[in-house]
Amino acid sequence: MEAPLYDFIILGASGFTGKYVVREALKFLNPSSPSSPLKSFALAGRNPAKLTETLKWAAHPNSPPPIPLLSADVSDPQSIHRICTQTKLILNCVGPFRRYGEPVVAACVETGCDYLDICGEPEFMEKMEANYHERAVENGCLVISACGFDSVPAELGLMFNSKQWVGESAPNRIEAYLSLESKRKIVGNFGTFESAVLGVANAGRLVQLRRSRPRRPRPTIRGPPPPKGPTVEHNKETGLWAVRLPSADATVVRRTLSFLAENPHGLPGVNERVEEIEQRTTFWSSVKPAHFGVKIGSKSLIGTLRIIAAGMFIGLFGITSFGRWLLLTFPSVFSLGWFKKKGPSEDEVDSASFKMWFVGHGFSNKSGEANGEPDMKIVTRVMGPEIGYITTPIILVQCALIVLSKREVLPKGGALTPGIVFGPTDLQKKLEENGICFDVISKNA
């Protein structure tokens, strides 16, 4: 069997997020270094002229390197199959994934090519697991969605907080509080808005899919189920007025914890050595499961009410085809300025950042648990640059480099979550080296 031509191919490279992924990947391209995991990659998309412009933009101020540009279109399965046979790994940036993702997953699974994407759509991810997991295991293909801001900061952030509960102490619930910040105006990716609108439209399908599948084991979590709490909360640890965020993060984390309940020592690698088995089992024994949820907030109550209003527009209008047309035609109006079709300017991207606090409530010991009321709190934080165009490409590229350099210690294959695959690796360390910080804020009994 011939060796693949490329280490990875970026599919949808000329899209809003794709071009930033190209820029990030160029930082790690080193064809002459024997130790470099990334010696070659290619760009794939429908329009060669746009791919050329993307490469020029991504390489600026340097002249573009000789990166191959490949023609591929998700509406032409043969073209997708062809690029899968030319590479070890596909980085899929073509969304919304419920519309365009399945042909790419199908081709990867068929050819045994590994697959990563930046999806934040629970229905797509769970459908791919239902339809392709077993075949992916057979063919040795990793299918890992949510390798971007959805949902790696949530997954690694939960694990980072969980590992602070040492000895007899254990968390009961860990709540993530997300704050998006900017010196200028915060403007989101239109693809994210479109995914949210389509998520509302297809909510019934997700419920149906979950009901049709066997019930998965749940992790053992110390203490009673957490209280529901108010709709809008003022959280003193973060200083945020916060409201629950119906993002993919909580569902991805729950899937990771289900995989862990089925495999308490994690998933074995293809060809692990003794020390790598020990590292994996030690890592997972230090992760204590907890109830998990995500809230988004603002320092001002008015800012949070604006978030709620935008969410209500999506919820109300997303259930009818005319309502969806209105939302997707006038995103700036119905998101109250959060999203616009042309996306943010480079200045708006460069000035934005995020902070994600993880507030863990739990028990200092077994006797504390017997009383039912948590008597211990641990607050940690993950923070970094703008979420859609800077943090997401950093995460996707670092996940790809780990797949390329450590494939032997990763699971053979399957439709899996980032947490269960990358948790025991040095992904957190690699993210810290590239501008995403993990901190312990406080521990209080």
Side-chain angles (χ1 to χ4, degrees), residues 15-17 20 93 95-98 118-122 146 148-151 153-154 176-203 231-233 235 238-250 293-320 323-357 383-393:
F16 276 131
T17 306
Y20 283 91
C93 302
F97 290 87
R98 62 169 42 86
I118 51 172
C119 175
E121 303 165 35
F149 186 78
D150 283 353
S151 294
Y177 293 83
L178 172 62
S179 171
L180 304 178
E181 301 176 7
S182 178
K183 296 175 187 135
R184 297 168 65 89
K185 189 179 178 185
I186 295 172
V187 178
N189 181 336
F190 176 72
T192 304
F193 182 75
E194 188 177 10
S195 293
V197 172
L198 295 175
V200 169
N202 292 283
T231 303
V232 179
E233 170 200 355
N235 181 264
T238 62
L240 297 177
W241 291 91
V243 63
R244 192 160 295 284
L245 178 67
S247 72
D249 291 344
V294 183
K295 296 182 178 181
I296 186 168
S298 168
K299 295 286 184 188
S300 75
L301 180 57
I302 290 171
T304 300
L305 292 175
R306 187 176 160 213
I307 293 168
I308 293 170
M312 287 175 69
F313 277 129
I314 294 171
L316 288 170
F317 286 82
I319 54 178
T320 67
R324 290 191 292 278
W325 178 84
L326 282 174
L327 289 168
L328 298 176
T329 307
F330 307 105
S332 187
V333 173
F334 291 101
S335 69
L336 306 181
W338 288 114
F339 298 94
K340 55 187 182 186
K341 275 198 170 176
K342 63 178 184 178
S345 67
E346 284 189 52
D347 280 349
E348 286 166 338
V349 169
D350 291 340
S351 66
S353 61
F354 79 91
K355 291 189 178 82
M356 200 168 191
W357 284 268
M383 61 181 188
E386 189 278 337
I387 60 173
Y389 300 100
I390 302 183
T391 289
T392 286

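Each residue takes its place number in the sequence, starting with 1.
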Atom pair [atom1] ([X]) and [atom2] ([Y]), whose distance is rounded to the nearest 0.5 Å:
X: I390; Y: F354; atom1: CD1; atom2: CZ; value: 11.0 Å
X: I296; Y: D249; atom1: CD1; atom2: CG; value: 10.5 Å
X: I387; Y: M356; atom1: CD1; atom2: CE; value: 9.5 Å
X: R184; Y: D347; atom1: CZ; atom2: CG; value: 4.5 Å
X: Y20; Y: C93; atom1: OH; atom2: SG; value: 13.5 Å
X: I308; Y: W241; atom1: CD1; atom2: CH2; value: 11.0 Å

Got a sec, which residues hit salt bridge (charged side-chain N to carboxylate O under 4.0 Å, His left out) with [X], two or more places apart in sequence or on another chain?
X: K355; answer: E181
X: R324; answer: none
X: E386; answer: none

With the side chain counted from C-beta on, respond yes when [X] and [Y] share a heavy-atom pair under 4.5 Å apart, and no when they do not.
X: I319; Y: V200; answer: yes
X: D150; Y: I118; answer: no
X: F97; Y: S195; answer: no

What are the two closest heavy atoms between [X] and [Y], and how far apart are they?
X: G388; Y: P393; value: O-CD, 3.8 Å
X: A309; Y: L336; value: CB-CD1, 3.7 Å
X: L327; Y: G318; value: CD1-N, 3.7 Å
X: K299; Y: L240; value: N-CD2, 3.9 Å
X: G120; Y: A248; value: O-CB, 3.4 Å

If a pair satisfies ring pair (Phe, Tyr, Trp, His ring centres under 6.0 Å) and one of its residues is in residues 331-353, list it, with sequence neighbours excluded. F193-F339, F313-F334, F317-F334

Can L301 and V232 be said to form a side chain to side chain contact (heavy atoms under 4.5 Å, CB included), step by step? CA-CA 9 Å; L301 180 57; V232 179; 4.1 Å; yes

Verify whether one side chain among T304 and S298 offers a donor that lies under 3.5 Å from an acceptor in the other.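 No pair is found: no donor N or O on one side chain lies under 3.5 Å from an acceptor on the other.
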
Which pairs, with at least one residue in residues 333-345 and sequence neighbours excluded, count as a salt bridge (Lys or Arg N to Asp or Glu O under 4.0 Å)? K340-E348

Without swapping roles, check the side chain of E121 against the backbone of P96 for a donor-acceptor pair under 3.5 Å.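 Absent.
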
Residues which pass side chain to side chain donor-acceptor pair (under 3.5 Å) with E233, listed by chain and number, not counting sequence neighbours: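 Only Y177, N235, K295 meet the side chain to side chain donor-acceptor pair (under 3.5 Å) criterion with E233.
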
